[in-house]
Amino acid sequence: MADNQQQEKKLYQQEVNELLKRRREELEHLKQSGVDPYGYEYDVTDYSASIKNEFEDDAPPKRYRVAGRVMSMRKMGKASFMHIQDQEGRIQLYLRKDALNETYDRIKLLDIGDIIGVEGEVFRTKMGEISIKAESVEVLAKSLRPLPVVKERTTEDGTVVRYDPFSDKELRYRQRYVDMIVNPDVREVFKKRAQLIKFIRDYLDDQGYLEVETPALQPVYGGAAARPFVTHHNALNLKLYLRIADELYLKRLIVGGFDGVYEIAKDFRNEGMDRNHNPEFTMLELYVAYKDYKWMMDFVERMTADLVHHIHSTFTISIGEHTVDFKPPWKRLTMFDAIQEYTGIDISELDEAALRKAAQELGLELEPSAGSGKIIDEIFSELVEPKLIQPTIIMDYPVSMSPLAKPHRSKPGLVERFEVIVNGQELCNAFSELNDPVEQRARFEEQMKLRERGDDEAHVLDEDYLRALEYGMPPAAGLGIGIDRLTMVITNQESIRDVLLFPQMRPEGK
RNA sequence: GAGGCUGUAGCUCAGCUGGUAGAGCAUCUGCCUUUUAAGCAGGUGGCCGAUGGUUCGAAUCCAUCCAGCCUCACCA
């Protein structure tokens, strides 16, 4: 009921708004003058930037057919200029009454935001701008809503100044389509994101790894410490969870005989949202049989460096205020050595009580329930991680933080796990996979105890996964890379929302 | 979850210690056949996020709510 009232109110306001009303009237005028304001097709043969690139002042003028959105208009009586925007950028149109005749009168009914198709010869204006002299103009889509008008001026040194940019973040995310029209840089980020994913896919395919798809709806969720989304399947009358990770399914495939598998897929975690977290996000996971985490370090270092070079043609890129060099080899430190280097304290021989004391002396506040693994993690992420700007491999983590990783072959209490830290943030997580089913069961049971004590992010015991391990899984190295965060690093964006086309928002309800 | 900031015309923003709203761009009407943040002249346009309260009087003060941003906490 209240919704209906709001709807009516909204419709009423819409009708009252003179800008919307006027455009609807123009739409009618167009129809009455015999023009279909929503065309069926247009044979686009040329694009703005290409036309400008191949223009030669002395050559005979060439004809082009372009289509795009009207972004600016300067009407001057019997002649007009406008810019249209296509996928490559903008190009100026020159429209004359004597060339277009009655079509020219219909230009009065065009607005910024309309999509048109234009054919004509290219020339350079007195002011020096390469432009198309329109010989025909077709309306392909009439725009009924006023677009934010962003005027641009190119200064003498070639920089583009933009006036009144469409900058309200909320509106930009909610109406990404408008954002993309008006802020062309946005499209560049998503092109780079696509290039990045394609590069990784090609890279892994070339190494002979198989891309697979595993269930997003899972009766038992696992592979990470997180709370899941819950849903229900009617036909099976079954509670299902949206996956929080692919890990346990991909390792079943290693058991099944694929020696290298990967998946690029959405994971879902029912947790808070901030500049680094969206409830759904894209994860790459890769598992390679007969390899260990040392091998994986070399692999991820090479792949990431090649990726950066592929996108930027250099290993050195700007991230925020920093310049980051991805050229291998990267610095490698054990977690204990990293803590010693950045805090001056050697924690390798400390027991839980001593660790707690050390952490408190470093100014950290700890939950009384925190065990030694948690304390170490706390020291690291508070005091070390933010200082690691250049790509750094941190290895050998406490076992309690990593229930799916294999025990370290020579350091008791640790596992063979590493993370890559860039710009103070985790970029990937990898380890030698635990393939001992007896120990895996014990680790799961530890997690279940945590769960009973109220840790609702502890791992859930997966009986079928244990059964798979009991058949025997070869030693394997596994890797997880958050594609969104990788994109943030590569495109120099500070919020995950800027690398997601449609980030999660609360409903508008206006 | 805690604190801070923000919400005024389609867009970007002004509105001091309360007296029922203003600019630029967009839009409308004229004039203008190489303009470019086109120009000149004149207009239209607002339930000041929502709901209550204080007051003779609220965009302005107070409370609650909604939405967004930032910081912290939680979290990979």
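Below, chains carry the letters A, B, ... as their sequence lines are ordered, and counting in each starts from 1.
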How far does the [atom1] atom of [N] sit from the matching atom of [M], given to the nearest Å?
| N | M | atom1 | result |
| --- | --- | --- | --- |
| B:A63 | B:U20 | C1' | 23 Å |
| B:U8 | B:A23 | C1' | 13 Å |
| B:G49 | B:C40 | C1' | 39 Å |
| B:G39 | B:G24 | C1' | 16 Å |
| B:U60 | B:G19 | P | 11 Å |
| B:C61 | B:C74 | P | 35 Å |
| B:A26 | B:G10 | C1' | 7 Å |
| B:U27 | B:U12 | C1' | 16 Å |

According to the interplanar angle, ranging from 0 to 90°, do the rings of A:F123 and A:Y94 count as parallel (below 30°), tilted (30 to 60°) or perpendicular (above 60°)? tilted
With sugar-phosphate meaning primed atoms plus P, OP1 and OP2, does [X] contact a base, only sugar-phosphate, or nothing at under 4.0 Å between heavy atoms?
| X | result |
| --- | --- |
| A:E271 | sugar-phosphate |
| A:S80 | nothing |
| A:R269 | sugar-phosphate |

Sequence neighbours left out, what passes side-chain hydrogen bond (donor to acceptor under 3.5 Å, both in side chains) with A:R176? Give chain and number order. A:D179
Which atom pairs, one a donor and one an acceptor, fall under 3.5 Å between side chains of residues 134-141 of chain A and the rest of the protein, sequence neighbours left out?
unit_1 : atom_1 : unit_2 : atom_2 : d
A:E135 : OE1    : A:R63  : NH1    : 2.4
A:E135 : OE1    : A:R63  : NH2    : 3.1
A:E135 : OE2    : A:R63  : NH1    : 3.4

Letter per nucleotide, 5' to 3', of nucleotides 23-35 of chain B [B base touched, S only sugar-phosphate touched, - untouched; heavy atoms, 4.0 Å]: -BSSSS---BBBB
Validation row: A:V149, A:D164 side chains within 4.5 angstrom (heavy atoms): no
Picking from B:G68, B:C11, B:A37, the nucleotide nearest the side-chain atoms of A:E170 would be B:G68
Tell me which nucleotide among B:C69, B:A37, B:C74 gets nearest to the side chain of A:D274. B:C74
Exercise: do [X] and [Y] side chains pair donor with acceptor under 3.5 Å:
| X | Y | value |
| --- | --- | --- |
| A:D246 | A:T214 | no |
| A:R275 | A:Q493 | no |
| A:T491 | A:T487 | no |
| A:N429 | A:Y397 | no |
| A:Y221 | A:D462 | no |
| A:S48 | A:R90 | no |

When you measure from the side-chain N and O atoms of A:K374 to the phosphate of B:C75, is any distance below 4.0 Å, counting only OP1 and OP2? yes
Answer yes or no: does a side-chain N or O of A:R275 lie under 4.0 Å from OP1 or OP2 of B:C69? no
Let me spell it out: for each of A:R227 and A:H83, pick the nucleotide of RNA chain B with the closest heavy atom. Which residue's pick is nearer the 5' end? A:H83
Sorted by position of nearest nucleotide on RNA chain B, 5' first, the leading residue of A:R506 and A:Y163 is A:Y163
[X] [atom1] to [N] [atom2]: how many Å, rounded?
| X | N | atom1 | atom2 | result |
| --- | --- | --- | --- | --- |
| A:D377 | B:C74 | CG | C1' | 13 Å |
| A:R172 | B:U12 | CZ | C1' | 14 Å |
| A:Q425 | B:C75 | CD | C1' | 13 Å |
| A:L171 | B:C69 | CG | P | 12 Å |
| A:I181 | B:G10 | CD1 | C1' | 14 Å |
| A:N278 | B:C75 | CG | C1' | 14 Å |
| A:N17 | B:C47 | CG | C1' | 15 Å |
| A:L20 | B:G45 | CG | P | 16 Å |

Non-neighbouring partners of A:E457 that pass salt bridge (Lys or Arg N to Asp or Glu O under 4.0 Å), sequence neighbours left out: A:R227
Looking at residues at least two apart in the chain, or sitting in another chain, which of them share a side-chain contact (heavy atoms from CB on, under 4.5 Å) with A:K62? A:E54, A:Y64
Just jot down the side-chain contact (heavy atoms from CB on, under 4.5 Å) partners of A:I181, sequence neighbours excluded, or say none. A:R69, A:M71, A:Q85, A:L147
Considering only residues two or more places apart or on different chains, which pairs with a residue in residues 130-158 of chain A satisfy ring-ring contact (aromatic ring centres under 6.0 Å, His included)? none
Within residues 483-503 of chain A, residues whose heavy atoms come under 4.0 Å of RNA chain B: A:R497
Dot-bracket for RNA chain B: what is it, with Watson-Crick or G-U pairs under 3.5 Å, [ ] where a pair crosses earlier ones, and | for a pair to another strand? (((((((..((((........)))).(((((.......))))).....(((((.......))))))))))))....
Quick one: list whatever passes ring pair (Phe, Tyr, Trp, His ring centres under 6.0 Å) with A:F444, sequence neighbours left out. none
Interface polar pairs with nucleotides 3-7 of chain B, N/O, under 3.5 angstrom:
none

Under 3.5 Å, sequence neighbours excluded: what are the donor-acceptor pairs made by side chains of residues 382-390 of chain A?
unit_1 : atom_1 : unit_2 : atom_2 : d
A:K387 : NZ     : A:L383 : O      : 3.3
A:Q390 : OE1    : A:D325 : N      : 2.8
A:Q390 : NE2    : A:T323 : O      : 2.8

